[in-house]
Every structure is written in C-alpha cells, then in structure tokens.
Amino acid sequence: MNWCGGLFVTCFVALLLFLAVECTELTFELEDNARQCFYEEIQKEVKGSLEFQVISGGNYDVDVVLFDEGGKTLYTVQKKQYDSYPFTTQAAGVYKFCFSNEFSTFSHKVVYFDFQAGGEAPLTEEMGAHHTALTQMETSAVTIHQDLKITTDYQTHHRLRESQGRDMAEYLNERVQWWSVGEAFLIVSVGICQVVILRRFFAEKRSTI
C-alpha cells in the first residue's frame, strides 16, 4: 500500500509542477505585409523566454518585437530566421510579442514560437517535504521526469528542422521541374527551327516566266 501511495504522490506532484509553468507553443502562418501579436499575463520577477523559428517562406526571416506591460521594448530583431531571448519581468502585467512580415510583398511565412514564463521547481524539493530520503521508485520518477523534458525539447527541434528541410526540398523539386519543362520546350523549339531551316535549304526554287 505504501509503495502504491508513494508512486501516486510522485506522479501527482509531477503533474502539478508541469501545469505550474505557463507555456505557449504555436505554429502559425504569417501572411505577406502582415503583423500578428500575442499577449501573455505574467507576474512580477518571473523568468521567461521567447524562442522562435521561421519554418518556411521567402528567405526564412521575420521581424520580432517583445514589449513589457508598459509598452517598453524589451527585445527587437529584424529579418531573422531563429533566435532565443531570456528575460525577467520587472512588473506584473500583460506582455506582448509581435511577429511582422510587413517587409515582404508577396511571400508568406510559417513561424513557430515557444513562449515560457516561470520556472519549474525541482521535483526533489516537493518530495523532500516529508523529510525522508527518496526511495528508489521516487528517484527513478525524478530521472524519468527530467529525461522526458529533454526528449520533448529534442523532438520539437528535430520536428522543426525536418519541416524546414522538407519545405526546402519541395521548393527545390519545384524549381527543377520548371527547369526541366523549360529545357524540354527549348529543345523542341530548336528542333522545329532546324527542320524548317533545312527544308528551306533543300526546297526547289521555281523559276517564273
């Protein structure tokens, strides 16, 4: 009974700690000449981070601006494909971060961002509240919890790189197809022109009386 109870408490604490971290992860489409903003309410003296990556579209670049609760610019970057910015809030309020594709006149972008606010407390501190040593099961739960976080981050980055690589491959494939169609049209056109010219060379000229 104690073994099952300890396992239940471990899983329950892990779930609570996971939900305590405010995290917004989204992939969205940003049209050309467009600007899209997102809002997040954060408490004072909370550590956060903004990470973004352009997956497809144009030159894989976008403008990003992060504002605090008073409208002051905390972070700004122009025409960048990927970046990560950590910050600490100075006051509680609604923080805004915007993605802009206003410099592009015809190409839309697909953008991924991960906005996190608040840190996850170590799982061992919550377990140590009962002032006893961690059991083997609890230690294994802590290790699995940390490994799962690392695995999730790796999967996200690999998924983004795979999507970006697939988009570039499809774009290259389309360019090669159009190039092949152009070459085929050029070869046919040259062949027709050669036939017409040769027929004119060997055509008999009729004399007029």
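Atom-to-atom distance recorded for Glu102:CD and Asp32:CG is 11.0 Å, nearest 0.5 angstrom. The CD atom of Glu170 sits 10.5 Å away from the CD atom of Gln177 when rounded to the nearest 0.5 Å. Residue Thr105 holds its OG1 atom at 6.5 Å from CG of Asn33, rounded to the nearest 0.5 Å. Taken to the nearest 0.5 Å, the CZ atom of Phe113 stands 8.5 Å off from the CD atom of Gln36. Taken to the nearest 0.5 Å, the NZ atom of Lys109 stands 13.0 Å off from the CD1 atom of Ile55. In this structure, Ser56 OG and His108 NE2 are separated by 6.0 Å, a value rounded to the nearest 0.5 Å.
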Discussion item. Assess the residue pair Lys44 and Gln90 against the criterion (side-chain contact (heavy atoms from CB on, under 4.5 Å)); give the C-alpha distance rounded to whole Å, side-chain angles, the decisive distance to 0.1 Å, and a yes or no.
Written reply: CA-CA 6 Å; Lys44 183 179 179 181; Gln90 301 298 324; over 6 Å; no
Worksheet item: Yes or no on side-chain contact (heavy atoms from CB on, under 4.5 Å) for Val110 and Val54, after CA distance, side-chain angles and deciding distance?
Response: CA-CA 6 Å; Val110 176; Val54 181; over 6 Å; no
Practice prompt. With side-chain contact (heavy atoms from CB on, under 4.5 Å) as the test, would you mind laying out the steps for Val195 and Leu198 before giving the verdict?
Written response: CA-CA 5 Å; Val195 171; Leu198 288 175; 5.9 Å; no
Discussion item. Determine whether Gln43 and Glu45 satisfy the following criterion, side-chain contact (heavy atoms from CB on, under 4.5 Å), listing intermediate values before the conclusion.
Written reply: CA-CA 7 Å; Gln43 300 301 320; Glu45 296 182 355; over 6 Å; no
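Dense packing is recorded around CG of Asp83, with more than 12 heavy atoms of other residues, nucleotides or ligands lying under 6.0 Å away.
Under a hydrophobic-cluster definition in which Ile, Leu, Val, Met, Phe, Trp and Tyr are linked whenever side-chain heavy atoms come within less than 4.5 Å, directly or via other members, Val111 and Val65 are assigned to different clusters. Connection of Val94 to Phe87 is not established within any shared hydrophobic cluster, with ILVMFWY side chains joined at heavy-atom distances below 4.5 Å, either directly or through further cluster members. Using a 4.5 Å cut-off between side-chain heavy atoms of Ile, Leu, Val, Met, Phe, Trp and Tyr, with links allowed through other members, Leu172 and Trp179 fall into different hydrophobic clusters. Residues Leu50 and Leu26 share a single hydrophobic cluster, defined by chaining ILVMFWY side chains whose heavy atoms lie under 4.5 Å apart.
At least one side-chain heavy atom of Phe115 sits under 4.5 Å from a side-chain heavy atom of Glu40. Looking at Phe103 and Asp61, their side chains come closer than 4.5 Å, going by heavy atoms from C-beta outward. Residues Tyr82 and Tyr112 form no side-chain contact, since every pair of their non-hydrogen atoms from C-beta on lies 4.5 Å or further apart.
Asn101 places a side-chain N or O within donor-acceptor distance of the main-chain N or O of Ser107, the cut-off being under 3.5 Å. The backbone N or O of Asp63 lies less than 3.5 Å from no partner atom in the side chain of Ser100, so there is not a single donor-acceptor pair. Tyr85 contributes a side-chain N or O that, together with a main-chain N or O of Leu74, makes up a donor-acceptor pair within less than 3.5 Å.
If you look at Tyr95 and Phe67, their ring centroids are not closer than 6.0 Å.
Gln116 and Asp114 are linked by a side-chain donor-acceptor pair at a separation below 3.5 angstrom, with hydrogens and angles left out of the test.
The aromatic rings of Phe52 and Phe99 stand perpendicular to each other, their planes meeting at an angle above 60°, with 30° marking the opposite boundary.
Remark: Lys96 is not positioned above the aromatic ring of Tyr39, lacking an NZ or CZ atom under 6.0 angstrom from the ring centre and at most 45 degrees off the axis.
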